[in-house]
Amino acid sequence: MTKLSFTTPIKLPFSYFLNQDVIFLAKDLLGKVLFTQIDGKITAGIIVETEAYFGVHDKASHAYGGRRTDRTETLYSQGGISYVYLCYGIHHLFNIVSSVEGEPHAVLIRGIEPLIGKDIMEERRKMSASKGAISAGPGSAAKALGIDRSFNKKDLGGDEIWVEDHGIRYDEEQIAASPRVGVAYAQDHALLPWRFFIKENKYVSKPNKI
DNA sequence: AAACGGATTGGCT
DNA sequence: GCCAATCCGTTTC
């Protein structure tokens with residue numbers, strides 16, 4: 001299923017997030033390991049579901065048409081920082097801002113497979129890590145990792161939140177691409193296949209199962 | 001100043 | 001499957 005090679009885990013360098021091809025990045029982030037450290041508690045999960053948001057050109061993006069507000073300002077930062085916002089008044093959704101300064105591209109993290117600190121995640125989510133629901137879906141994944149609004153605009157190269165490459169690679173046939181979830185309002189952009197996920201992985205959200 | 005509605009989730013029917 | 005929860009950024013009056 002998941003292929004592991006025994007390379008030393010490497011924190012992704014700042015330059016990784018400067019890539020201007022956010023569609024490539026959304027797919028390439030699958031298998032990377034997302035870490036948080038909060039009050040000394042370290043949790044991490046393998047990224048198994050993402051969505052690409054193509055900046056000013058994307059009707060589903062908060063920055064569509066170049067819109068700049070207090071909230072979206074974060075998206076215009078240089079790649080390598082986090083964009084966290086509150087959705088439906090309840091859920092914190094975590095994105096990785098990418099590309100160069102002024103290009104508001106971002107990758108929404110929609111699902112992680114618990115890897116490190118599972119007991120801490122179980123406490124946060126009040127359910128067993130063996131249940132897919134513990135970290136499937138963007139709100140659940142963020143909560144399992146302890147991500148809230150205070151993580152907005154944080155540097156992904158710091159010691160509070162970062163991404164590592166553990167050498168986890170998926171074959172092309174293990175990866176599915178489908179329309180993004182919950183963006184019906186985006187009209188002709190609603191059906192773009194910019195959601196990427198690992199097939200058969202239980203930590204992938206249910207909507208649109210492909 | 002007030003109203004609207006969302007990149008969702010989980011509990012109840 | 002349906003629907004309420006619950007907040008605040010954004011739009012509109």
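All chains are named by letter (A, B, ...) in the order of the sequence lines, taking the proteins before the strands, and each is independently numbered beginning at 1.
A tilted orientation is assigned to the rings of A:F54 and A:H57, their planes being inclined by 30° to 60°.
Salt-bridge check for A:E164 with A:K32: failed, with every basic side-chain N at 4.0 Å or more from each acidic carboxylate O. A salt bridge does not link A:E51 to A:R180: none of the charged side-chain nitrogens sits closer than 4.0 Å to a carboxylate oxygen.
Cation-pi geometry between A:R68 and A:Y76 is met: the NZ or CZ atom falls under 6.0 Å from the ring centre, inside 45° of the normal. Relative to the ring axis of A:F197, A:R195 places its NZ or CZ within 45° and under 6.0 Å from the centre.
Nucleotides B:dG5 and C:dC3, compared at atom C1', are 16 Å apart to the nearest Å.
Counting only distance, with no hydrogens or angles, the side chain of A:S140 and the backbone of A:S135 share no donor-acceptor pair below 3.5 Å. Counting only distance, with no hydrogens or angles, the side chain of A:K202 and the backbone of A:S130 share a donor-acceptor pair below 3.5 Å.
Stem regions annotated for DNA chain C: B:1-6 with C:7-12, B:8-12 with C:1-5, counting only runs of 3 or more consecutive pairs of Watson-Crick or G-U type with both contacts under 3.5 Å.
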Inset, instruction - Would you mind building the protein contact string for nucleotides 1-13 of chain B? One character per nucleotide, 5' to 3', B for base within reach (heavy atoms under 4.0 Å), S for sugar-phosphate only, - for untouched. - result: -----BBBSS---
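Contact detail for A:H92 and A:V84: the closest heavy-atom pair is CB-CG1, 4.0 Å.
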